[in-house]
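Everything on this sheet refers to the single structure shown next.
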Amino acid sequence: MSIKWEKISYPEKRDIDPYLIWSLGAGRDFFLSGDQRDGVIAAVLEFKDGVMPREFSEAYYALEKGQERLPRFQISRKYSDASPLNDGVTVIPIIADVGFLSLLADDEQLSSLARATVIGPPLPEDAVNFASSEPETIVPQITNKKKPRKAVVGIIDDGIAFGNKRFQLANNTTRVEYAWVQDGVTTGGSSPVQYGKEFSKTGVGATTGIDQLIADCSTNGGFDEEKFYRLTGQSDFSRDVFKTVALQSSHGTHVMDVAAGEKPEDNVTDRPIVCVQLPATATADTSGSKFDPYVLDAVRYIVDRADRVAAREGKGPLPIVINFSYGIVAGPHDGTSSLEIGLDQIINARRAFAPDAPLEIVLPSGNSRENRVHASINFDQADSIQNLNWRVPPDDRTSSFTEIWLPYRDPVAPLPSRMGASLQFPANGSESPTLPEVHNTGYIGSINGDPVCMIFYRRAPFPTDRGQYFIALLPTAFLDSPSTLAPSGVWKIKLKNTSLDCSELVETWIQRDDTPYGYPQRGRPSHFDQPDYERFSVTGLPITHDNPDCVVKRAGTISALATGEETIIVSGVQRQDLKMANYSAGGPVLAKRQLPVDPLRPDVASISDDSNVFQGVFGSGTRSGSVVVLNGTSVAAPAIARWVATEIANHRSGDREAVQKLATDQEAARAPRFAPQPISERAGCGRVELPPIYPVERYDE
């Protein structure tokens, strides 16, 4: 086996995300396979100060004079139309041919206007429609009329069985005003969305309304749900798309039930639903933050459709609460990732436009506290070396990633290197040359001429402004692999200090790579395998505290999407004893450009399990009348979203401060028999007990 290391470099002024380098370079055959090599992807563009989407589009199409055919590219009207809801929004999703990304990076004028920060996995060919007839953006009029007691609940998730009785009224009509299946088969020129398929309560374009579909699938008082999901295409087995709704249980249905499900006979009309089902490919491959463009598009879609509900009813804008129960591990953890910035910008634009009808977004803190995915390193002297053992399992069919983030420093030239990093193959194999802090440089490791790994350094641009080492590996297993795969085993990451002092922390995270619930096995999680990390006590009980002498930490494993400024972040706690769930991740979060760390991340803890034995909470299965159990901070967050929706529907505050006050008040009134209040880095302002939607006792008081 011949292993070689080849140095790579990019122009110093070029801002390029290393995930793009890998996914469209050495990892391309695994990221874009088969007929997707020239397919359509979603991406996030970050526009430079003052640049408008229309200005960028005009500059792009002006290139057509010198090109035979430009790669297809489109920005949704939701962002390009003049609207106060776009004020201050600079992080915008697009859809484009894969070749667009190379053109963007190579063209000096385009790259001076915007840069690509994240790309999503390819969309199915039959889901894409560049000729869609998107409706003009609606801006509801601010009125002084009596405000309605109503709030729109938005759900962004996977496998949403929106025909379920839990989302219907007593007269067999739906509470779901709009549903967007992002990888559904497009309806062509009549489609109101750029990709996927939209359903509405009363019908849209050539698509039958949800109410009519329910009627068509109902006979003699019975509701044929299998027929309903065949008609919506969510269980169309003729397509090569994973069909979560066809399973007994799905994450999205459970989450939507916890957030907004009701008995039909209760006739709940004050919380209409707008839901978005993410593409299955964006959910299936968690190795990398690839769902960002789909999520940003989903949030802006929910806001737009909520405004259409308000306009149809002749009312001013309605308040909105959105639950997004996903998370990732690696990222800057200081609120400056593109998705966090994009969410904050949309929230702030909405608040500025309609302060009485705000937008609130609820996210989970993550479940990675015990997964050995975070290392926090400080060097005690100038020539110190820290070795990290990165154990990568066999049969991992996705790429694996590790991010190493250096502390912030003022960007003044010259910037001497503070440390170096190298990567070594398993079993004392070949080690890369040491990579210093030199922007846009790295090394590609090849086996017999096939690239299998990469180590790369860049200074992440403003507002992150921090140094980042990025390490990527090919899958360790793949059916009909187009090239040599990365070997499994312990990859050694060697960090060599030059000038960092003992007060400066180097933070390292392994990107999430597990297979979501219900999906076929693809990714397998890797971890740091340090000998001094303690998992169990001498009696065999799990250890829940960190060893101060070990660099691998349980602390600081909060989701990299959960450190923004405006979102509401929820961790998990057990209902029986109000102890934190062992897996529930928390802070601390990192300081942004030397600003103080916000100690309240997460904001609160909510119920994610009944007890240590009876794990999870009850929620609906995909079919009406079924009840299943799922656990995790993913099911704690929608309970808070339900509370927020109820509060803002009744003209009370449901913002982040209100949620924090709820926890503070409950902690103050709580009986002393419960465990003491957890530290704020795990539970924020405290634990919130809300009534379960299925009040079934599973233990004795």
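Ion pairing between a basic and an acidic side chain is recognised when a charged N comes within 4.0 Å of a carboxylate O; D603 and R656 show such pairing. Comment: R54 engages D81 in a salt bridge, judged by a side-chain N to carboxylate O separation of less than 4.0 angstrom. Ionic pairing of D87 and R350 is not present here: no N-O contact between side-chain nitrogen and carboxylate oxygen is shorter than 4.0 angstrom. Using a cutoff of 4.0 Å between basic side-chain nitrogens and carboxylate oxygens, R466 and D334 are scored as salt-bridged. Salt-bridge formation is detected for the pair E360/R351: a Lys NZ or Arg NE/NH1/NH2 atom is positioned less than 4.0 Å from an Asp or Glu carboxylate oxygen. Salt-bridge formation is not detected for the pair D17/R115: no Lys NZ or Arg NE/NH1/NH2 atom is positioned less than 4.0 Å from an Asp or Glu carboxylate oxygen.
Listed for the D450 side chain is a donor-acceptor partner under 3.5 Å among the backbone atoms of T484. Counting only distance, with no hydrogens or angles, the side chain of W509 and the backbone of W405 share no donor-acceptor pair below 3.5 Å. In this structure a side-chain-to-backbone donor-acceptor pair under 3.5 Å is missing from E403 to F470. For Y469 (side chain) and L435 (main-chain N/O), a donor-acceptor pair under 3.5 Å exists by modelled atom type. Although no hydrogens or angles enter the test, the distance criterion places no donor-acceptor pair under 3.5 Å between the side chain of E566 and the main chain of D344. Side chain of D396 to backbone of R524: a donor-acceptor contact under 3.5 angstrom is found. Checked by atom type and distance alone, the side chain of T563 pairs as donor or acceptor with a backbone atom of G335 at under 3.5 Å.
T441 and K7 share no donor-acceptor pair across their side chains, judged by distance under 3.5 Å alone. Looking only at atom types and distance, the side chain of S432 has no donor-acceptor partner in the side chain of Q424 under 3.5 Å away. Between the side chains of S446 and E6, no donor N or O sits under 3.5 Å from an acceptor N or O. Side-chain atoms of Y326 and D158 form no donor-acceptor pair, as typed in the model, at a separation below 3.5 Å. Side-chain contact annotation: S422 with E431, donor-acceptor N/O pair under 3.5 Å present. For the 3.5 Å distance criterion, the side chains of Y457 and E437 qualify, holding a donor opposite an acceptor. Side-chain polar atoms of H333 and E507 form no donor-acceptor pair below 3.5 angstrom. Between the side chains of Q277 and Q182, no donor-acceptor pair is found at a separation under 3.5 Å. Side-chain contact annotation: S526 with W390, donor-acceptor N/O pair under 3.5 Å present.
Judged as a side-chain contact (heavy atoms from CB on, under 4.5 Å), and not counting sequence neighbours, the contacts of N440 are Y10, R14, I16, F456, R458. Checked against side-chain contact (heavy atoms from CB on, under 4.5 Å), T186 has the following partners two or more places apart in sequence or in another chain: N129, S191. For A349, the side-chain contact (heavy atoms from CB on, under 4.5 Å) test picks out V89, with sequence neighbours left out. Residues that satisfy the salt bridge (Lys or Arg N to Asp or Glu O under 4.0 Å) test with E504, not counting sequence neighbours, are absent from this structure. Every residue meeting the side-chain contact (heavy atoms from CB on, under 4.5 Å) condition with A637, not counting sequence neighbours, appears here in chain and number order: N323, S325, V362, P364, V570.
Atom CG of N497 sits about 8.0 Å away from atom CG of D383, to the nearest 0.5 Å.
Sorted by first and then second residue, the side-chain hydrogen bond (donor to acceptor under 3.5 Å, both in side chains) pairs involving residues 98-111 (not counting sequence neighbours) form an empty list.
Taking the six-membered ring wherever Trp is involved, the centroid distance between the rings of Y443 and W5 does not fall below 6.0 Å. With ring centers used as reference points, F56 lies under 6.0 Å from F73.
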Checking side-chain hydrogen bond (donor to acceptor under 3.5 Å, both in side chains) for the pair Y19/Q511: CA distance, chi angles, key distance, verdict? CA-CA 12 Å; Y19 283 99; Q511 190 60 280; 3.1 Å; yes
